[in-house]
Amino acid sequence: MFDGIIFDMDGTIWDSTDNVAFAFRKVVKERYPFVTDEITGDKLKGLFGLPLDEIAVRLFLSVKDREQAIKIMDDCCAYECEYLAKHGANLYEGVEETLRTLSEKYKLLIVSNCQEGNIQCFFKVYPYLEKYFTDYEYPGRTGKFKADNIKLVIGRNHLKHPVYIGDTCGDAQAAKEAGVPFIFARYGFGEVTEFDFAADSFIELADLLK
């Protein structure tokens, strides 16, 4: 029996890739016209879940200086939060109903590889979902990798048998390093071969975690 469910965000609770791609393109066009890389939602789906610095160097291949690529990413992410706070993103079907059901039995938490303000932005756009979550953590606040952030929320919420839900190999590896079981959100962005359980929709999580 689990006592806590820790969620990834992008590809697990919502899909923000098309809106993020739009925000990134706007920043690049207005401030960094020398960047020639295509920025699309599909391309971001293959990168989300990685640390932001790693996304920067893989997304901005035309920028040869690593530090400059990271600087561009920082500017893009700052505008991303502003844009998402106004426009939101695509929640997966049944998110609120499923969270309501799960919160009756479990503590619900979020650990995502995001920058400062991203999770707060999520709650600003969907304030009715915040009440279901006990805690959240992210590298933009701690400077730590996902596995360490999973351990942080486990410790401060006194969880004994938590599970992590995510959609990428990076999520699976973080759960393994944190010593917790992993549920693969097969409806998300990634391809994962090693997992303890899998769900083909967000709604399916309610039955899986009965």
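Basis for what follows: all heavy atoms, side chains included, without hydrogens, waters or symmetry-related copies.
Looking only at side-chain heavy atoms (C-beta outward), Leu59 and Leu44 come within less than 4.5 Å of each other. The closest side-chain heavy-atom distance from Cys81 to Gln115 is below 4.5 Å. Side-chain contact between Val20 and Asp10 is absent, with no heavy atoms from C-beta onward closer than 4.5 Å. Looking at Phe2 and Lys105, their side chains never come closer than 4.5 Å, going by heavy atoms from C-beta outward.
For Tyr106 (side chain) and Leu209 (main-chain N/O), a donor-acceptor pair under 3.5 Å exists by modelled atom type. Side-chain N or O atoms of Asn149 include one that pairs as donor or acceptor with a backbone N or O of Lys144 at under 3.5 Å. Formation of a donor-acceptor pair under 3.5 Å by the Asp167 side chain with backbone atoms of Ala185 is not found in this model. Checked by atom type and distance alone, the side chain of Asn113 never pairs as donor or acceptor with a backbone atom of Pro139 at under 3.5 Å. Asp3 contributes a side-chain N or O that, together with a main-chain N or O of Lys160, makes up a donor-acceptor pair within less than 3.5 Å.
When each of Ile5, Thr12, Ile13, Ile6 is checked for a side chain to side chain contact (heavy atoms under 4.5 Å, CB included) with Ile110, only Ile13 meets the rule.
Atom NZ of Lys26 is surrounded by 12 or fewer heavy atoms from other residues, nucleotides or ligands within 6.0 Å. Around NZ of Lys29, the count of heavy atoms belonging to other residues, nucleotides or ligands within 6.0 Å does not exceed 12. Residue-environment remark: CD (Glu177) exceeds the threshold of 12 foreign heavy atoms within 6.0 Å. For NE2 of His161, the number of neighbouring non-hydrogen atoms (other residues, nucleotides, ligands) closer than 6.0 Å is 12 at most. Enclosure of atom CD in Glu97 by more than 12 non-hydrogen atoms of other residues, nucleotides or ligands within 6.0 angstrom is indicated. Applying the 6.0 Å contact sphere to CD of Glu191 captures no more than 12 heavy atoms from other residues, nucleotides or ligands. At most 12 non-hydrogen atoms from other residues, nucleotides or ligands lie less than 6.0 angstrom from NZ of Lys124. The number of heavy atoms from other shown groups lying within 6.0 Å of CZ (Phe145) does not exceed 12.
Taking hydrophobic clusters as Ile, Leu, Val, Met, Phe, Trp and Tyr residues chained together by side-chain heavy-atom distances below 4.5 Å, Tyr136 shares a cluster with Tyr126. Neither Val57 nor Phe34 shares a network with the other; the hydrophobic side chains, linked directly or stepwise wherever heavy atoms of I, L, V, M, F, W or Y lie under 4.5 Å apart, form separate groups for each.
Residues Lys146 and Tyr164 have side chains that bring a donor and an acceptor to within less than 3.5 angstrom of each other. A donor and an acceptor atom, one from each side chain of Gln120 and Tyr138, are located under 3.5 Å apart.
Atoms OG1 and CG, from Thr134 and Leu159 in turn, are 8.5 Å apart once rounded to the nearest 0.5 Å. Taking CG of Asn19 as the reference point, atom CH2 of Trp14 lies at 8.5 Å (rounded to 0.5 Å). Considering CG of Leu108 and CG of Leu102, their distance stands at 6.0 Å, rounded to 0.5 Å. Distance check, rounded to the nearest 0.5 Å: CG of Asp207 to OG1 of Thr101 gives 9.5 Å.
Between Phe195 and Phe184, the ring planes are tilted. Angles from 30° to 60° get that label.
Between Glu96 and Arg100 there is a salt bridge, since a side-chain N of the basic residue sits under 4.0 Å from a carboxylate O of the acidic one.
Residue pairs meeting the side chain to side chain donor-acceptor pair (under 3.5 Å) criterion with at least one partner in residues 49-64, sequence neighbours excluded, are Asp37-Ser62, Glu54-Arg58.
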